[in-house]
Amino acid sequence: MPELPEVETVARQLVPLVRGRTVVGLRVLDPSLKHGRFPRVAGRQVVDVTRSGKRVLFHFSPCASRDGELWLAVHLRMTGRLIWVDESRGPETKHLRARFRLDRGALLFYDTRRFGTFRFYRSFEDTLPGGVDPLSQGLNSREIGRMIGNSKQNIKAWLLRQDRLVGLGNIYASEILFVAGISPLREASSLTAVEHDRVLRATRRVLRRAIKNCGTTFSDFQDTQGLTGSYQNYLAVYGREDEPCPRCRAPVVRLVQQQRSTYFCAQCQE
DNA sequence: ACCCTCCTGTCA
DNA sequence: TGACAGGAGGGT
């Protein structure tokens with residue numbers, strides 16, 4: 001469940017569960033999730049859990065007698081899930097890829113498709129994503145226009161880039177363009193200043209509402225600690241091919257851009 | 001600025 | 001059996 005609102009939801013839900021606890025150990029069951037060097041994490045405390053782009057960022061205190069602080073970025077990709085269990089007895093082991101044991105309880109990482117990654121960092125600066133968080137203060141529509149520049153990409157593909165805006169994925173890109181009333185087929189550089197403003201406003205409106213609803217959850221598994229979003233009930237166009245557009249009742253169109261589905265209303269979005 | 005691939009599962 | 005799935009890095 002991996003776009004900005006889902007990752008934000010995961011991070012927020014983990015804070016009260018793991019903050020202040022001491023790590024007993026980390027066991028990696030699937031070596032392919034390891035990226036970069038893996039320092040020793042046992043004995044450190046979890047200082048905080050936040051979101052960095054689409055990654056869940058764990059901040060660890062220094063070890064008693066070792067070097068400095070440590071950060072771990074967990075990227076859930078398509079199917080990664082972080083599940084908290086109080087008793088480590090008898091949890092589901094299918095697709096279990098890593099296990100964090102804390103002083104009480106454990107944090108389990110499940111990932112069916114095994115695209116997820118763990119990456120450790122020695123400094124906070126190194127964890128910073130390449131793009132701008134769309135919910136960050138200070139971002140304005142002029143900056144959107146500047147980032148788009150003369151990009152020849154279609155605006156849907158541009159929104160999916162993580163080196164400009166971070167956090168948008170396939171669901172929210174379609175939803176944002178619907179709210180903004182802009183066709184996903186438009187060349188990014190063709191957007192006007194007014195449309196840059198509509199894109200930014202739509203982005204923030206959609207993301208905030210999705211976060212308020214704990215994100216979008218398709219599969220009907222319920223995560224141990226209530227990681228079940230409800231925003232799927234509010235999706236205007238995503239996954240709704242041939243259903244009536246909520247604004248004009250014309251059938252929602254599905255098309256493929258960059259090998260990924262895009263949904264939009266050909267009547268309302270120009 | 002694309003297309004493919006990584007991996008596993010589900011559904012028509 | 002083939003299309004498709006919330007992602008992104010690598011190659012052309």
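In what follows, every chain begins at residue 1, and chains take the letters A, B, ... in the order their sequences are listed.
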Novice: Where the side chain of Pro2(A) is defined as all heavy atoms beyond and including C-beta, which of dA8(C), dG7(C), dT8(B) is the nearest nucleotide?
Specialist: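 Of dA8(C), dG7(C), dT8(B), dG7(C) is nearest to the side chain of Pro2(A).
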Novice: Could you check how far CG of Leu159(A) sits from P of dA8(C), rounded to whole Å?
Specialist: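 Answer to the nearest Å: 13 Å.
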Novice: What is the separation between atom CH2 on Trp158(A) and atom C1' on dC2(B), rounded to the nearest whole Å?
Specialist: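 Going from Trp158(A) (CH2) to dC2(B) (C1'), I get 18 Å.
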Novice: Apply the test side-chain contact (heavy atoms from CB on, under 4.5 Å) to residues Val23(A) and Gln45(A): give CA-CA distance (whole Å), side-chain angles for both, the deciding distance (0.1 Å), then the verdict.
Specialist: CA-CA 6 Å; Val23(A) 178; Gln45(A) 277 194 316; over 6 Å; no
Novice: What is the separation between atom CD on Gln258(A) and atom C1' on dA1(B), rounded to the nearest whole Å?
Specialist: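 That distance rounds to 8 Å.
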Novice: Work out how far the P atom of dT10(B) is from that of dA8(C), and round it to whole angstrom.
Specialist: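 Pairwise P distance, dT10(B) against dA8(C), rounds to 24 Å.
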Novice: Under 4.0 Å from OP1 or OP2 of dT8(B): is there any side-chain N or O of Arg114(A) that close?
Specialist: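 Indeed, a polar side-chain atom of Arg114(A) lies that close.
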Novice: Could you tell me whether Arg201(A) and Asp197(A) have a side-chain N and a carboxylate O separated by less than 4.0 Å?
Specialist: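 Salt bridge present between Arg201(A) and Asp197(A).
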Novice: Side chain of His95(A): nearest nucleotide among dT8(B), dA1(B), dG7(C)?
Specialist: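 Of all the options, the side chain of His95(A) is nearest to dT8(B).
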Novice: Side chain of Lys94(A): nearest nucleotide among dG9(B), dC2(B), dA8(C)?
Specialist: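 So the side chain of Lys94(A) is nearest to dG9(B).
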Novice: Using whole Å, what does the distance between atom C1' of nucleotide dA8(C) and atom CZ of Arg119(A) come to?
Specialist: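 So the two atoms are 13 Å apart, to the nearest Å.
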Novice: Hey, which of these two, Leu160(A) or Ser261(A), hits DNA chain C nearer its 5' end, going by closest nucleotide?
Specialist: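 The residue whose closest nucleotide sits nearer the 5' end is Ser261(A).
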Novice: As a test of reading the structure: which of dC7(B), dA1(B), dA8(C) is closest to the side chain of His75(A), going by heavy atoms?
Specialist: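 Ranking dC7(B), dA1(B), dA8(C) by closest atom to the His75(A) side chain puts dA8(C) first.
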Novice: Which one of Leu177(A), Ile176(A), Leu168(A) satisfies the side-chain contact (heavy atoms from CB on, under 4.5 Å) criterion with Lys156(A)?
Specialist: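 Considering Leu177(A), Ile176(A), Leu168(A), a side-chain contact (heavy atoms from CB on, under 4.5 Å) with Lys156(A) is found only for Leu177(A).
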Novice: According to the interplanar angle, ranging from 0 to 90°, do the rings of Trp71(A) and Phe124(A) count as parallel (below 30°), tilted (30 to 60°) or perpendicular (above 60°)?
Specialist: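 Plane angle between 30° and 60°, so tilted.
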Novice: State which of dC4(C), dA1(B), dC4(B) makes the closest approach to the side chain of Lys152(A).
Specialist: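 Minimum distance to the Lys152(A) side chain belongs to dA1(B).
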Novice: Do we count Phe115(A) as stacking onto dA8(C) if the rule is ring centres under 5.5 Å and planes under 30°?
Specialist: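 Phe115(A) ring does not meet the centre or angle cut-off for dA8(C); no stack.
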Novice: Across the strands shown, which category fits Arg254(A) at heavy-atom distances under 4.0 angstrom: base, sugar-phosphate, nothing?
Specialist: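 Sugar-phosphate only.
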Novice: Once the angle between the rings of Phe38(A) and Phe120(A) is folded into 0 to 90°, is it parallel (under 30°), tilted (30 to 60°) or perpendicular (over 60°)?
Specialist: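 Plane angle over 60°, so perpendicular.
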Novice: Quickly work out the Tyr110(A) OH to dG9(B) P distance and round it to whole Å.
Specialist: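 My rounded result for the distance is 15 Å.
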Novice: Could you tell me whether the phosphate oxygens of dA1(B), OP1 or OP2, come under 4.0 Å of any side-chain nitrogen or oxygen in Ser151(A)?
Specialist: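 Yes, because at least one side-chain N or O of Ser151(A) sits under 4.0 Å from OP1 or OP2 of dA1(B).
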Novice: Go through the N and O atoms of the side chain of Arg260(A) and the base of dA5(C), and report whether any donor-acceptor pair is under 3.5 Å.
Specialist: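 No, the side chain and the base share no sub-3.5 Å donor-acceptor pair.
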Novice: In plain terms, say whether Arg186(A) and Glu195(A) are close enough for a salt bridge, that is, a side-chain N and a carboxylate O under 4.0 Å apart.
Specialist: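 Salt bridge present between Arg186(A) and Glu195(A).
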Novice: What interatomic distance, in whole Å, is found between C1' of dG9(B) and the corresponding atom of dG9(C)?
Specialist: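 Here dG9(C) and dG9(B) have their C1' atoms 23 Å from each other.
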Novice: Where the side chain of Arg77(A) is defined as all heavy atoms beyond and including C-beta, which of dG9(B), dA5(C), dG7(C) is the nearest nucleotide?
Specialist: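 Out of dG9(B), dA5(C), dG7(C), the nucleotide with an atom closest to Arg77(A)'s side chain is dG7(C).
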Novice: Which is true for Gln259(A) with a 4.0 Å heavy-atom rule: it touches a base, it touches only sugar-phosphate, or it touches nothing?
Specialist: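 Base, at least one base heavy atom under 4.0 Å.
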Novice: Nearest whole Å is fine: how far is dG7(C) P from Arg81(A) CZ?
Specialist: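 After rounding, the gap between these two atoms is 17 Å.
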Novice: Between dA8(C), dG7(C), dA1(B), which nucleotide gets closest to the side-chain atoms of Met78(A)?
Specialist: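 When the side chain of Met78(A) is considered, dG7(C) is the closest of dA8(C), dG7(C), dA1(B).
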Novice: Could you state the CZ-C1' distance from Arg55(A) to dA8(C), rounded to the nearest angstrom?
Specialist: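 It works out to 12 Å between those atoms.
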Novice: Could you tell me the Watson-Crick or G-U partner of dC7(B), where both distances fall under 3.5 Å? Say none if there is no partner.
Specialist: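 Looking at the geometry, dC7(B) pairs with no nucleotide.
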Novice: With sugar-phosphate meaning primed atoms plus P, OP1 and OP2, does Ser32(A) contact a base, only sugar-phosphate, or nothing at under 4.0 Å between heavy atoms?
Specialist: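 Nothing, no nucleic acid heavy atom in range.
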Novice: Rounded to whole Å, how long is the line connecting atom NE2 of His35(A) with atom P of dG9(C)?
Specialist: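 These atoms are roughly 9 Å apart.
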